[in-house]
Number of protein chains: 2
Amino acid sequence: MARPRIARLSREIIGRAAIDYVEAGHNLQLVPLAHELEVSVSSLYHHVKGRDGVIQAMRQVLVAEYVPDVPVSEGADWATRVRGEVEATWRMYADHPRVLELMLTVVIDEPAVLRFYTSLVDALREAGVPDDEVLTTVEVLDAFTFGAAFDAMSPDEIMKPGEADGKLAELLSVHPVGRARNRLMFDRGLDLLIDGIRARVARGARGQ
Amino acid sequence: MARPRIARLSREIIGRAAIDYVEAGHNLQLVPLAHELEVSVSSLYHHVKGRDGVIQAMRQVLVAEYVPDVPVSEGADWATRVRGEVEATWRMYADHPRVLELMLTVVIDEPAVLRFYTSLVDALREAGVPDDEVLTTVEVLDAFTFGAAFDAMSPDEIMKPGEADGKLAELLSVHPVGRARNRLMFDRGLDLLIDGIRARVARGARGQ
DNA sequence: ACCTGAACACCGTTCAAGT
DNA sequence: ACCTGAACACCGTTCAAGT
């Protein structure tokens with residue numbers, strides 16, 4: 001069999017398989033990926049441009065799945081909307097940290113991502129953030145979300161307990177671990193940033 | 001010449017050369033790295049454990065260079081100390097974003113990093129952050145710093161200007177780019193987080 | 001202990017051949 | 001258009017041989 005009646009592969013099929021494969025803890029390698037798909041390696045090249053093309057396909061699949069096409073929690077106050085938008089992106093990252101690592105270098109230009117930025121801009125302007133601070137604030141939210149997602153990959157034992165001093169060791173011993181720890185961190189960070197934005201806007205209004 | 005009188009290589013020499021090589025925009029490859037050092041590839045294996053060992057050496061060199069052994073801005077108020085500590089780490093990241101990408105998976109267990117965490121814990125406790133929130137707050141600062149460093153790698157053109165809507169396009173057209181943009185973002189983010197911490201402590205003190 | 005060249009294994013990519 | 005097997009180039013790693 002050389003050319004089957006219906007194509008056995010597609011960008012999406014490859015992307016999804018690659019996500020599963022990477023998230024299972026493997027490095028992204030074309031030979032085993034093709035094996036998983038029960039296809040020869042060279043077949044992949046008819047649908048994606050090599051290894052980088054596979055990564056692009058992975059990104060497309062994830063964005064389509066996680067980043068909504070319509071504004072999140074429309075009608076709600078700005079803080080709720082910021083939280084909703086950022087949370088959707090964060091979930092994509094945090095659910096697939098190993099994929100995220102591969103996507104680092106590629107530029108994201110999905111329309112849904114554009115919509116995401118636009119929503120954040122609207123919410124922040126409504127919050128009272130002055131125009132010349134809006135984009136920087138969006139970037140801050142983005143950077144934190146990104147860092148928080150990476151934190152999901154870090155091992156439970158950040159440092160050997162024996163090495164930590166008294167107070168640090170004491171705090172570490174009662175600190176949550178794993179997904180719960182990461183979730184708590186993300187929520188707290190978002191709280192602090194939103195509180196910070198509120199405080200800054202309030203100060204600005206008073207003219208400082 | 002098989003064994004020279006004085007060793008031509010060392011962990012540090014290799015680490016430093018690798019940092020320069022990667023920061024120059026190349027992928028980390030042992031053949032050209034060895035060429036740069038005027039050694040054969042196999043010579044590297046007498047000092048570091050393969051490619052991963054080279055990455056470890058890079059990390060060691062950077063931490064020794066950037067993360068101070070003693071607390072930063074000792075005696076100053078907590079906010080200044082937090083800012084000082086975080087800034088040192090951030091500078092390491094932001095000056096070497098390509099190296100950072102390689103260090104993602106390795107666990108950092110340098111003593112200086114432990115000292116860094118301890119200093120942050122002290123400063124936050126002094127700020128009035130309750131014990132059971134201190135570590136989470138440290139993690140938030142860490143995640144933001146990390147994300148801000150990665151942002152330094154992202155291209156100037158996040159999205160094609162034509163694609164952006166009215167307000168977003170307008171804001172983008174007057175937005176700074178490059179290092180200035182990244183620096184502004186980092187400073188703003190740290191401001192917002194510190195303001196957020198202050199607000200949260202103040203609310204807590206009032207018993208909410 | 002430290003450096004070398006050669007051999008090896010692995011993996012991404014290309015291409016002519018098949019339907 | 002879509003799949004295949006073989007050939008190729010590249011690169012990390014090992015090892016016996018040299019001082």
Side-chain angles (χ1 to χ4, degrees), chain A residues 1-61 98-99 101-107, chain B residues 1-61 98-99 101-107:
Chain A
M1 173 250 312
R3 170 149 119 94
R5 292 178 134 274
I6 52 158
R8 318 170 68 176
L9 292 178
S10 70
R11 267 186 87 74
E12 199 189 327
I13 290 174
I14 293 173
R16 217 168 272 280
I19 291 169
D20 293 343
Y21 188 74
V22 165
E23 218 57 53
H26 306 103
N27 284 342
L28 180 60
Q29 289 179 353
L30 300 195
V31 180
L33 178 65
H35 186 79
E36 202 90 347
L37 286 161
E38 297 182 313
V39 193
S40 80
V41 195
S42 44
S43 297
L44 301 173
Y45 284 79
H46 291 275
H47 301 269
V48 294
K49 284 184 194 158
R51 191 174 180 275
D52 280 351
V54 173
I55 297 174
Q56 295 276 354
M58 296 167 85
R59 181 180 52 68
Q60 274 188 334
V61 169
R98 287 165 191 284
V99 180
E101 198 180 345
L102 290 170
M103 302 197 314
L104 282 182
T105 39
V106 291
V107 187
Chain B
M1 174 254 309
R3 171 150 120 93
R5 293 176 133 277
I6 54 158
R8 318 169 68 176
L9 292 179
S10 71
R11 268 185 87 74
E12 199 189 326
I13 291 174
I14 293 173
R16 217 168 273 280
I19 292 169
D20 293 344
Y21 188 73
V22 166
E23 219 57 52
H26 305 103
N27 284 342
L28 179 60
Q29 289 179 352
L30 300 194
V31 180
L33 178 65
H35 187 80
E36 201 92 346
L37 287 160
E38 298 183 314
V39 220
S40 80
V41 195
S42 44
S43 297
L44 301 173
Y45 285 78
H46 291 276
H47 300 269
V48 294
K49 285 184 194 158
R51 190 174 180 276
D52 280 351
V54 174
I55 297 174
Q56 294 279 350
M58 296 167 85
R59 180 179 52 68
Q60 275 189 335
V61 169
R98 287 161 192 284
V99 179
E101 198 180 346
L102 290 170
M103 303 196 316
L104 282 183
T105 40
V106 290
V107 186

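Here is the naming used below: chain letters follow the sequence lines, and residue numbers restart at 1 for every chain.
- Consecutive Watson-Crick or G-U pairing (both distances under 3.5 Å) extending over three or more pairs maps onto DNA chain C as C:4-8 with D:12-16, C:12-16 with D:4-8.
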Let's go through His26(A) and Arg98(A) carefully: what are the C-alpha distance in whole Å and the side-chain angles of both, what is the deciding distance for side chain to side chain contact (heavy atoms under 4.5 Å, CB included) to 0.1 Å, and is it a yes or a no? CA-CA 9 Å; His26(A) 306 103; Arg98(A) 287 165 191 284; over 6 Å; no
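- Distance NE2 (His35(B)) to P (dC3(C)): 17 Å, rounded to an integer number of Å.
- Atom-to-atom, CG of Leu44(A) to P of dC11(C) comes out at 15 Å; the value is rounded to the nearest Å.
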Going through the checks in order, is the side chain to side chain contact (heavy atoms under 4.5 Å, CB included) test met by Leu37(B) and Leu44(B)? CA-CA 10 Å; Leu37(B) 287 160; Leu44(B) 301 173; 4.1 Å; yes
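- For the pair Ser43(B) and dC2(C), the criterion of a side-chain N or O lying under 4.0 Å from OP1 or OP2 is not met.
- Between Arg8(B) and dT4(C), a side-chain N or O to OP1/OP2 separation shorter than 4.0 Å is present.
- Around the CD atom of Glu23(B), the shell of radius 6.0 Å holds more than 12 heavy atoms that belong to other residues, nucleotides or ligands.
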Please produce a list of atom pairs where a protein N or O lies less than 3.5 Å from an N or O of nucleotides 12-16 of chain D.
residue: dG12(D); atom: OP2; partner: Leu30(B); partner atom: N; Å: 2.9
residue: dT13(D); atom: OP2; partner: Tyr45(B); partner atom: OH; Å: 2.6
residue: dT13(D); atom: OP2; partner: Arg51(B); partner atom: N; Å: 2.8
residue: dT13(D); atom: O5'; partner: Tyr45(B); partner atom: OH; Å: 3.0

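- Ile14(B) contributes atom CD1, which lies 12.0 Å from atom CD1 of Ile19(B) (distance to the nearest 0.5 angstrom).
- Spacing between atom CG of Leu37(B) and atom C1' of dT4(C) amounts to 15 Å, rounded to whole angstrom units.
- Residue His47(A) places none of its side-chain N or O atoms closer than 4.0 Å to OP1 or OP2 of dA1(D).
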Can you check side chain to side chain contact (heavy atoms under 4.5 Å, CB included) on Leu104(A) and Glu101(B), steps first, answer last? CA-CA 8 Å; Leu104(A) 282 182; Glu101(B) 198 180 346; 3.8 Å; yes
Is there a side chain to side chain contact (heavy atoms under 4.5 Å, CB included) between Asp20(B) and Met58(B) once you walk through the steps? CA-CA 10 Å; Asp20(B) 293 344; Met58(B) 296 167 85; over 6 Å; no
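- You'll find the side chain of Leu28(B) reaches within 4.5 Å of the side chain of Arg51(B), heavy atoms only.
- Between Asn27(A) and Tyr21(A), the closest side-chain pair of non-hydrogen atoms is not below 4.5 Å.
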